[in-house]
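Structure, as structure tokens:
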Amino acid sequence: MAHLYQELAPQTQYVDKKSGMSKAKWLEAIKVSRTLYVGNLSFYTSEEQIHELFSKCGDVKRVVMGLNRFKKSPCGFCFVEYHTHEQAAQAVNLLNKTHFDDRTIRVDWDAGVSEGRQYGRGESGNQWRDDFRGDFDVARGGKGGNLLKKVEDQPDRQVYVGKMRNAHGRFNKDKNKGEGGDEPPAKRQRTKEEDPGDGPRGTTGVISNFGGFGAGLPMTFGAQTAFGGYFVGEKGKGKGGKGKQS
């Protein structure tokens, strides 16, 4: 019965740095928030499927689908807003890390949706996690962008090889210098301790040692092993159908 235990105070380590809020204001906002972030969805999961699942925990006010900012097509995340904070709390406790539409989903508190946050922030218009990964995930657009390259003979370091140097939060605003002021941003190496961010969540599947949002989830994308110990993604590879929950 431990899974039915409900936290009285929202527990989250994640803060969307591009929300315009300080960490303190963000944490204060989620204490009364009615909005949840849902991540690691299949690109093929529909709004109707999400509404049906989350309605089991309360009266859903709206679902805001995460979209590729260029194509305006679903890109694997969404926001769910309830009518009350208590209903949202029920969903966090019961649905986080459940198996839905052949994916292990992440359900976490969010301070509220503002215009623009529904779009992916990566170079491709999807989330950064899909631009960074190098594997093939049929449910998330196929081949990843592979924009993080491992440094030869330095397994704990990676280098960003994309074009959006300054649009990415960790890179220096000075286009000619890196964070240390001595190296162009595209050449600056990244360590495992650095969170490269996402749009809006920061789980990339490549850099896995940060302690913020995404801790406890599988840090590989594509074929996965679910929390129950069985294989994820072997059937129902993004062909729609009804969301499956375990």
Side-chain angles (χ1 to χ4, degrees), residues 14-19 37 39-44 66-78 103-104 106 116-215 217-224 233 237-238:
Y14 175 76
V15 177
D16 185 355
K17 297 175 182 177
K18 295 191 177 182
S19 67
Y37 170 85
N40 201 37
L41 294 170
S42 165
F43 284 14
Y44 301 96
L67 304 175
N68 180 294
R69 72 176 182 278
F70 302 125
K71 301 175 182 178
K72 304 301 186 287
S73 57
C75 67
F77 71 96
C78 74
R103 310 283 298 184
T104 301
R106 178 79 184 195
R117 290 192 65 219
Q118 74 270 36
Y119 297 119
R121 296 172 182 168
E123 288 190 13
S124 65
N126 292 328
Q127 293 184 288
W128 277 113
R129 57 174 284 183
D130 293 300
D131 283 354
F132 288 150
R133 64 180 176 83
D135 64 354
F136 188 90
D137 188 343
V138 68
R140 292 188 66 93
K143 180 69 175 176
N146 202 24
L147 295 183
L148 280 183
K149 300 288 189 181
K150 290 184 178 180
V151 179
E152 190 175 355
D153 299 325
Q154 299 184 60
D156 63 332
R157 290 184 176 272
Q158 295 167 311
V159 61
Y160 171 68
V161 297
K163 299 177 181 178
M164 292 178 62
R165 302 173 185 178
N166 298 326
H168 198 296
R170 280 287 194 263
F171 291 95
N172 197 300
K173 295 180 180 179
D174 184 341
K175 64 181 180 180
N176 296 316
K177 295 182 179 181
E179 284 188 348
D182 58 354
E183 195 173 11
K187 300 296 184 182
R188 192 177 66 79
Q189 296 175 348
R190 308 179 75 79
T191 64
K192 286 183 179 179
E193 286 73 21
E194 293 180 292
D195 172 13
D198 203 350
R201 289 309 195 249
T203 307
T204 68
V206 184
I207 295 177
S208 58
N209 279 3
F210 60 95
F213 188 88
L217 278 181
M219 299 306 290
T220 56
F221 306 101
Q224 303 174 32
K237 296 184 178 180

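- You'll find the side chain of Lys143 stays beyond 4.5 Å of the side chain of Val138, heavy atoms only.
- The shortest non-hydrogen separation linking Gln127 to Gly76 is OE1-O, 4.0 Å.
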field: From CA spacing to verdict: salt bridge (charged side-chain N to carboxylate O under 4.0 Å, His left out), Asp137, Arg129
entry: CA-CA 12 Å; Asp137 188 343; Arg129 57 174 284 183; 5.3 Å; no
- request: Please step through side-chain contact (heavy atoms from CB on, under 4.5 Å) for the pair Leu41 and Cys78, ending with a clear verdict.
  value: CA-CA 8 Å; Leu41 294 170; Cys78 74; 3.9 Å; yes
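- Asp156 and Lys150 are not joined by a salt bridge, as no carboxylate oxygen comes within less than 4.0 angstrom of a charged side-chain nitrogen.
- Side chain of Gln154 to main chain of Glu152: no donor-acceptor pair is present (N/O by atom type, distance under 3.5 Å, no hydrogens or angles).
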query: Should Arg106 and Phe77 be marked as a side-chain contact (heavy atoms from CB on, under 4.5 Å) after you check the CA-CA gap, both sets of side-chain angles, and the distance that decides it?
result: CA-CA 9 Å; Arg106 178 79 184 195; Phe77 71 96; over 6 Å; no
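- Considering only residues two or more places apart in sequence or on other chains, Lys71 meets the side chain to side chain contact (heavy atoms under 4.5 Å, CB included) condition with Asn68, Ser73.
- Between the CG atom in Leu148 and the CZ atom in Phe132 there is a gap of 4.5 Å [rounded to 0.5 Å].
- In this structure, Lys149 fails the cation-pi test against Tyr160, since its NZ or CZ atom is not both closer than 6.0 Å to the six-membered ring centre and inside 45 degrees of the ring normal.
- Side chains of Glu123 and Trp128 form a contact here, defined as non-hydrogen atoms less than 4.5 Å apart.
- Between Arg121 and Asp16 there is a salt bridge, since a side-chain N of the basic residue sits under 4.0 Å from a carboxylate O of the acidic one.
- Of all the heavy atoms in Asn40 and Thr104, the pair that sits closest is ND2-O, 2.7 Å.
- Between Arg133 and Arg140, the shortest heavy-atom contact is NH2-O, 2.7 Å.
- For the pair Ser42 and Arg103, the tightest heavy-atom approach, listed with the atom from each and the gap, is N-CG, 3.8 Å.
- Between Asp131 and Ser124 the shortest heavy-atom distance is OD1-OG, 2.6 Å.
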message: Between Asn126 and Phe43, does the side-chain contact (heavy atoms from CB on, under 4.5 Å) criterion hold? Intermediate values first, please.
response: CA-CA 10 Å; Asn126 292 328; Phe43 284 14; 4.0 Å; yes
